[in-house]
Structures are given as structure tokens and as C-alpha cells.
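Heads up: the structure comes next, in C-alpha cells.
Residue numbers start from 1 in every chain, and the chains themselves are labelled A, B, ... in the order their sequence lines are given, proteins ahead of strands. Keep in mind that what you see is a predicted model, and the values were worked out from it rather than measured.
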Amino acid sequence: MSLAEDVIETVPEETVIEVTKQNDKPLIVTSPEHILTILETAQQSGFDHLACLTAVDWPKDELEDNAAWLGFQTEPEDDEEDPIPQPSRGWELDDVNEGLMEVVYNLYSYDEGDHLCVQVWVPRELEECRVPSATSLWNGANWHEREVYDLYGVTFEGHPDMKRMFMPEDWEGHPHRKDYDLTEQQYIYREGGVDKVTKDAGKGW
Amino acid sequence: MARIVKPGSPDEGIFLTSLDKMFKWGRANSLWPLQFGLACCAIEMMATMGPHHDIARFGSEVFRATPRQADLMIVPGTVCKKMAPRVRKLYDQMPEPKYAIAMGACASCGGPYQNSYSVVQGVDKVIPVDVYVPGCPPRPEALMDGLIRLQDKIMQDPEPDIRFAKSPTPEVETGETEAKARRDWEIGQTEGGQSA
């Protein structure tokens, strides 16, 4: 039995929303309340390496375009009927306001060479886009979470130093969000040994 | 550039040129690049330095790790907005006369990162560029071609070395002082050439 199957059997049933496969690797979908339980179980089972922590931005229209692929609806048997909505990733498509943010944890076991993917789907509105921090389990999660916060605007609660990783601190917006405004460019200049942001093209680069 | 005395004449072995041209010749054939890289173009730049392509054939093998000793800045790769102030600082630290080559599509115009939130759309927004080398990334041959073109540019530079320049031209009230000085200098050059 692989380590991932071990984890799936060990975790309490109510913490898991969905168990599927992605690229032939096991995938657990869970909720923000239970993510730490799952990650802790996985770590104790032997997943000693948080290989990658990242996010995917799904605005509402993209969710609707990919609804069938994501499992939010099934094709009806009769062509004339509308697709049948169905819950997926812990969400009904009708309950989604602005869209969803998919936070992905890719775990790896050095000893077994085993992979496990854990996902949390949260609302993509900035105030509600919150997930508990995994820094208590893996120190390596620190910079991953800061990067995801910087580029996607996901706040990790309990993180020791939740600030931007790459962009200057007064940068406006989170650049990897699909609704990030590229028409109004921001420019960077140095002042007092610190990177500053300006919207004046003549002042910075 | 030079007048070579006929064999057999009493002046044999003497090589005549102007000090200005000799300086340009020396400068063009010993460009010391600044050793820094920004993206994948830097890998091609390193290949250009290596024995297979051997940029030493053109006198530019001495990559200096400090801007104080470099007179050529090859900008190899994507200049992101955070890097731009640092590139400018390095360029400012280089002694005159200094030259810059924008290597690859990113450094020339932003390349594939058009309208990006983080990439400067061409390093010529940050520093003055002499030669643009296209490619993504350019092959070592392309970089060497750029270097040779820069050498040609230095050799054909109409500006005299600042140490050999004539004293400033008479007072010109209009804002064209610099252009007029250059024109006067060029006329002086051709006249001198014709009379010689």
C-alpha cells in the first residue's frame, strides 16, 4: 500500500471532501477548517517534504467555462436538457460569488518517492481568501506562502511574517490574479535603500 | 587608418597614424565586458566566452566582476522592474568611455514579456544602448556579430577623444552649440584630409 492510500485511510472521514486522481497521483480535496489535520496526518505518515505550495485563480466565468471538466455539472442524457449541476470541490456553482481560489499543496516522501496532492478551494474575494498556515508543520512553507500571498492575495492565518515576497511592499494588487489591471502600469525606483512604487513612468522603471 | 612606408625606403618600419585613431583602435579591440547575467541569454554569453566560440579572438575575454574595471555592459536577458535600478547603478559605476549591448529580445524591447507587470520594455529605457542583438536567445555568433559591429561603431565614431578635442567653438547663442561644434569639427576633418 502506498503512503498516499495510507493517509487517505487514516484521516477522519468528515475532513475529506473528495478523493480523486490527478495526473495519476492521488488528490485530496478538503476545506480550510480541516487542511491542517490532513497535512499533519500526511506528515506523520512520511510525507516529509512540502515540494510546492501554490494557487490557481478561478474567476466565476472561467469556472463556468470549465464546469464539466471540474465536475460542477454533468452532461444530461438528452441533448435538449440543460446540464445537471452537481457539487464539486465542496462548492455548488450557484453559491460562488466572484470565483474560487484553489490552494494546492504538493507533498513528497523522500523515503518512498511517493506523491500526494492536497487542495483547498476558498472564495477568491480578498477578505475571504484565507487558509491556515502550514509553517508549523514545514518551515519551508514560509516563503511559499509569502509568494502565494504576494502574487494571488491568499492570506495564510498564523503565518509568522505575512508580507510580500517579491514585489515592493507598497505595490498595488496581486499580479497573478486574473483580474489584475495591466493597463495602469506601476514602476519601481530606489529611495533610501528601499524599492518604492510609483505610477509615474518618468520616475521609475 | 595608417600610412605604411614603402619597403626599402629609409623610413621603413615606421607606422603613422593619428593618436586619436590609435586610441580608438585600442579601445575597440580590448572591450572588457561587465560580468553579469540576467536570464537565459547569459548562458549563451557564457558559451561565447568558452573555447568553442572564444570571444578572446576579439579582445573581449576579460569579463570583469566589478563595473569599475569594465567598459562594455552586455545586458544579457530580461530586465525586470526590480533589476532596472541596479542595472542603472552598475552602468553609472562604469568609467567613461562605456558602451552597452542589449542582448536578446527581452533586453531590446521586452520580447515575450510584452505588457508585463514586472518587465521593463527594453533596457534602452534604463541605459543608452549602442547595439541591439536580436534572438531569443541569440546564438554566440550573433553576440559576436554585435560585438564586431560595436567595434566598427567605435572605430567610426566621429567624436574625437575628449583629450584631443579642440577647444570649445566660439560662443553660439542658439541652443545648437553641440551640433555646431560637431559640424565644425567634421568640416575641419575633411578639409584637413583634403589638404594632406
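Around atom CZ of Phe63(B), more than 12 heavy atoms belonging to other residues, nucleotides or ligands sit under 6.0 Å away. Atom CG of Asn66(A) has more than 12 heavy atoms from other residues, nucleotides or ligands within 6.0 Å. Counting non-hydrogen atoms of neighbouring residues, nucleotides and ligands closer than 6.0 angstrom, the NZ atom of Lys178(A) exceeds 12 such neighbours. Annotation for Asn115(B): atom CG counts as buried by contact number, over 12 foreign heavy atoms lying within 6.0 Å. For Lys60(A), the NZ atom counts as densely surrounded, since its 6.0 Å shell holds more than 12 non-hydrogen atoms of other residues, nucleotides or ligands. With a 6.0 Å radius and a threshold of 12 heavy atoms from other residues, nucleotides or ligands, Arg164(A) has its CZ atom above the threshold.
Lys81(B) approaches Trp205(A) most closely through the heavy-atom pair CG-O, 3.3 Å. Between Ile188(A) and Pro85(B), the shortest heavy-atom contact is O-CG, 4.2 Å.
The main-chain N or O of Ser118(B) is never found under 3.5 Å from a side-chain atom of Gln186(A) such that the two would form a donor-acceptor pair.
Annotation: cation-pi pair Lys82(B)/Phe166(A) absent, no NZ/CZ under 6.0 Å from the ring centroid and within 45° of its normal.
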Start with the C-alpha distance between Leu151(A) and Tyr117(B), add both sets of side-chain angles, then the distance that settles side-chain contact (heavy atoms from CB on, under 4.5 Å), and finish with yes or no. CA-CA 11 Å; Leu151(A) 302 178; Tyr117(B) 71 95; 4.0 Å; yes

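The part of Val120(B) that comes within reach of chain A is its side chain, from C-beta onward, which places non-hydrogen atoms under 4.5 angstrom from that chain.
Two residues are said to be in side-chain contact when any heavy atoms from C-beta on lie closer than 4.5 Å; Arg86(B) and Arg190(A) meet this criterion.
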